[in-house]
Number of protein chains: 2
Amino acid sequence: MNRQEIIAYLGADWDRVQALIRDALHSDVGLLEQTNGQILSNSGKLLRPLVSLLVSRSLGTPSEDSVRFAAATELLHNATLLHDDVTDGSAQRRGRPTVAALLGPSAAVLVGDFWLARAVDLIVVAEHRDAAIRVFSRTLTDLAEGEMLQLEKASSADTTEQDYLRIIYCKTASLFTAAAHTAAVSVDAPEPLVRAACAFAEAFGTAFQIKDDILDYAGTDALGKPVGVDLRERKITLPLLGALEGSPRAEEIRSMVRQIPEHPEYCEEIRRFVRERDGIGRAVRSLDAWVDRALRALEAFPEGPARDALAELARYNIWREV
Amino acid sequence: MNRQEIIAYLGADWDRVQALIRDALHSDVGLLEQTNGQILSNSGKLLRPLVSLLVSRSLGTPSEDSVRFAAATELLHNATLLHDDVTDGSAQRRGRPTVAALLGPSAAVLVGDFWLARAVDLIVVAEHRDAAIRVFSRTLTDLAEGEMLQLEKASSADTTEQDYLRIIYCKTASLFTAAAHTAAVSVDAPEPLVRAACAFAEAFGTAFQIKDDILDYAGTDALGKPVGVDLRERKITLPLLGALEGSPRAEEIRSMVRQIPEHPEYCEEIRRFVRERDGIGRAVRSLDAWVDRALRALEAFPEGPARDALAELARYNIWREV
């Protein structure tokens with residue numbers, strides 16, 4: 001199934017998620033209403049609510065809670081994107097100017113807080129609110145800790161693969177895991193299936209972020225996302241970590257990373273180092289291992305189109321030359 | 001009772017609030033732990049948890065929930081301060097550099113998100129969590145809407161007194177109301193007393209913000225808070241609104257406010273206009289009316305030292321020349 005077929009398969013549940021998101025964001029403050037509209041019109045692939053609904057569909061019959069949690073996941077995701085655009089100073093998101101760029105960081109922070117508050121509002125009236133609020137507030141902590149750890153490591157340039165995995169779990173996999181976890185809870189799935197859903201989502205989200213980090217080295221600006229950004233921000237991601245592993249130049253390269261703000265020209269040499277040491281190839285092999293892990297976790301799910309669709313989404317992360 | 005006597009009166013409950021805040025903020029991410037420590041060491045008057053505990057003490061016997069909600073209120077307050085410092089670009093808070101100034105806006109946003117997440121964590125395990133989460137998430141929406149409305153009005157400079165009252169309710173009174181509301185709920189106060197607690201806190205918080213806005217015109221930098229900031233940010237507050245009321249120059253002055261970014265020198269003339277039209281005197285009269293309202297709401301509370309202390313805090317807002 002491709003994305004369109006998945007959405008057709010989800011049918012009315014998917015429409016209810018969309019409607020719930022729109023309603024939740026309504027505000028009589030004009031600037032807010034207008035900004036929310038701009039964000040919604042550029043809301044990307046809606047991957048998190050897709051995963052969420054497919055999990056609840058695969059493990060049971062999507063309930064009102066399933067729809068609420070799927071919508072809340074997307075609101076929470078967008079809230080963190082709005083805040084990330086401030087922290088990264090990103091001018092573009094999905095090829096369009098960010099709220100931070102359009103209205104200034106202030107608006108991006110506040111709109112992000114608003115989306116966050118609306119997500120909580122969606123969750124607190126749910127039947128399974130207790131479990132859901134615990135899961136989502138843990139994720140909110142993860143997101144902040146992950147970004148702070150990344151910020152800290154940017155200046156020291158001593159990121160290890162363990163740091164890297166924690167960072168991408170916190171900033172990406174944690175929210176996918178929350179989406180799958182709450183989706184499973186929303187249909188009262190038995191504990192082993194809840195754990196399987198979390199295992200799938202953690203591996204899926206990790207693969208998703210690794211692919212994103214590979215694209216930052218191997219992609220083209222044509223994808224609407226400028227390449228080379230991570231390195232300019234001194235973020236040491238998997239392709240560089242792979243290249244550094246066992247290299248006699250490791251310390252020299254790390255100290256070049258530290259000096260990138262004063263010597264932006266170092267980026268090109270570091271990128272050459274990554275290519276020469278097959279950093280991308282190593283990252284791709286790790287990516288594929290995470291995809292396998294996601295697919296293995298799915299084996300615990302009941303057979304059916306929902307499980308197939310989740311597998312499809314997971315395989316989508318497998319590296320293909322761009 | 002002065003502040004020290006109030007804290008002595010609250011005794012062990014107050015200590016538990018402090019301890020709960022410290023524990024909630026622990027993180028193994030060094031940069032986060034260190035930043036949290038800096039914020040705690042400059043945490044100001046802790047007015048919100050004070051009001052919260054005094055309300056629960058006045059309406060019953062403070063429970064574990066009372067302590068949790070008081071701590072959560074302060075975490076939520078600091079989270080919003082961290083985000084406000086980004087939106088206002090403030091370099092100082094309580095006479096010390098802001099996190100935004102020290103570590104950049106990125107850190108301020110993320111640390112704010114972290115404090116927010118920790119506040120939610122404190123609430124979700126409470127016995128009265130359902131009511132509390134509804135109240136606090138409503139407040140989070142208010143805070144974002146209020147700041148956005150303020151941002152919107154800053155460019156149009158057409159703020160009415162009604163806009164102003166909504167803005168200060170959303171950005172200040174809403175959180176005081178949430179503190180009093182959840183405190184009353186935490187001791188299972190009867191509905192009329194819950195309403196009285198909310199009425200007190202709304203009037204108290206409104207008076208508190210009006211006084212802050214008056215100080216921005218009438219204060220001195222000696223208070224650790226630079227004066228004239230609101231006008232430079234084109235925030236039209238009560239002293240200016242009072243001066244504009246019925247003035248033939250109203251339109252001229254508003255258009256000067258709009259042009260402040262290009263003509264900072266207009267600020268001095270506008271401030272003179274406020275003085276000449278007794279804008280501060282009008283704002284002071286309104287402030288005193290809100291203080292009276294807060295004191296009247298307290299009449300529904302049972303007599304006792306806790307009620308007296310709340311009255312003391314309310315009277316503290318009454319204008320005295322600085």
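Letters A, B, ... mirror the listed sequences (proteins, then strands); counts begin at 1. Predicted model only: the values in this text are computed from it and were never measured.
Other residues, nucleotides and ligands contribute at most 12 non-hydrogen atoms within 6.0 Å of the CD atom of B:Gln162.
Contact of the B:Arg134 side chain with the A:Val125 side chain is registered, since non-hydrogen atoms from C-beta on lie closer than 4.5 Å.
Atom CZ of A:Arg118 sits about 7.5 Å away from atom OG of B:Ser137, to the nearest 0.5 Å. To the nearest 0.5 Å, the span separating OG1 on B:Thr35 from CE on A:Met148 amounts to 4.5 Å. Taking CG from A:Leu143 and CZ from B:Phe114, the interatomic distance works out to 12.0 Å, rounded to the nearest 0.5 Å. In this structure, CD in B:Gln150 is found 12.0 Å from CG in A:Leu31, a value given to the nearest 0.5 Å.
Taking every heavy atom of both residues into account, B:Glu145 and A:Ser27 meet most closely at OE2-OG, 2.7 Å.
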Checking side-chain contact (heavy atoms from CB on, under 4.5 Å) for the pair A:Asp130/B:Arg129: CA distance, chi angles, key distance, verdict? CA-CA 9 Å; A:Asp130 270 17; B:Arg129 55 182 167 274; 2.6 Å; yes
Decide yes or no on side-chain contact (heavy atoms from CB on, under 4.5 Å) for B:Arg166 and A:Val29, but give the supporting numbers first. CA-CA 11 Å; B:Arg166 179 177 176 192; A:Val29 174; 3.8 Å; yes
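With B:Asp113 as the fixed residue, the side-chain contact (heavy atoms from CB on, under 4.5 Å) test singles out one of A:Thr141, A:Asp113, A:Thr80: A:Asp113.
Checked by atom type and distance alone, the side chain of A:Glu147 never pairs as donor or acceptor with a backbone atom of B:Leu110 at under 3.5 Å.
Ranking B:Asp121, B:Leu149, B:Val124, B:Val120 against chain A, the residue ahead of the rest is B:Asp121, based on heavy-atom pairs under 4.5 Å.
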